[in-house]
Amino acid sequence: MKKDNKKLTRNFYKADVLEVAENLLGKIFVYKTKGKTLKAKIVEVEAYNGKIDEAAHTFNGKTERNKIMFNEGGFLYVYFTYGIHFCANIVTGKKNEGTAILLRGMEPLEGVKYFSKKRFPEKRLNEINKKDLLNGPAKICQAFNITKKQNGIDLTGNKIYLLDAPKIPNSKMIKTTRIGIKKSVDLPWRFYIKDNIYVSKK
DNA sequence: ATCAAGATTACCT
DNA sequence: GGTAATCTTGATA
């Protein structure tokens, strides 16, 4: 009997960013916070590679903001943008590669009430559409309450980590161009699960 | 010291 | 479809 729910280890993250990006789809993101366990299934990601990709934060070398992206794989890179939003990434590859994967869409599994409260403080639970909770990179951080404080967390620890799940077959995976960038716009480095309603944008 | 851009979102017409 | 919101970061226009 195959066990699907083991925590992913360092080796998973140390592979090439594009390989990890494809493998990330379907995996379970877990955040243990304030006695609660929050879980969601990853359905949409984008790969960034500072070596060859002008859109990556690491393209022009190491800075105070992006230094976590130069760690070996298996760390959380969180950045602040547009004066309002945080976005969370999974660092991949070997040390000093400067590669990471942006989490863009998730399906809520556990902690829906918590997500709803963080996303829509003024609304009642029954007015909230579950598909609007985690269908965007900044929405994910808002719902999980992920901020600068979580930047650099080791994903092989017990606070934030991923659980294994069966690989999404190629027939159910869409590979296309990334969203919201002005450089390297033609690289097909966005991956999402076909027909999944929790994907941020078709 | 100053400035422009930004891996987005929500709300408007 | 269009754009305001909002402020940290990195380069120096």
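Quick note on labels: first sequence line is chain A, next is B, and so on, each numbered from 1.
Side chain of A/R119 to backbone of A/L133: a donor-acceptor contact under 3.5 angstrom is found. Checking side-chain atoms of A/S184 against main-chain N and O of A/E54 turns up a donor-acceptor pair under 3.5 Å. Side chain of A/N151 to main chain of A/V78: a donor-acceptor pair is present (N/O by atom type, distance under 3.5 Å, no hydrogens or angles).
Following rounding to the nearest Å, A/F120 (CZ) and B/dC11 (P) show an atom-to-atom distance of 9 Å. If you take CD1 of A/I181 and P of B/dT8, they are 9 Å apart, rounded to a whole angstrom. One atom, NE2 of A/H57, and another, P of B/dG6, lie 9 Å apart when rounded to the nearest Å. Between A/D132 atom CG and B/dT9 atom P the separation is 11 Å, expressed in whole Å.
Salt bridge A/E44/A/K201: absent, no basic N to carboxylate O contact under 4.0 Å.
When both pairing distances are held under 3.5 Å, C/dT6 makes no Watson-Crick or G-U pair with any nucleotide shown.
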B/S/- contact track for nucleotides 3-13 of chain C, protein heavy atom under 4.0 Å: --BBBSSS---

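The residue A/A55 sits close to a base: some heavy atom pair falls under 4.0 Å. The residue A/R190 sits apart from the nucleic acid: no heavy atom pair falls under 4.0 Å.
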Residue pair A/K51, A/E97: steps toward the salt bridge (charged side-chain N to carboxylate O under 4.0 Å, His left out) verdict: CA-CA 7 Å; A/K51 288 251 190 337; A/E97 268 189 6; 5.8 Å; no

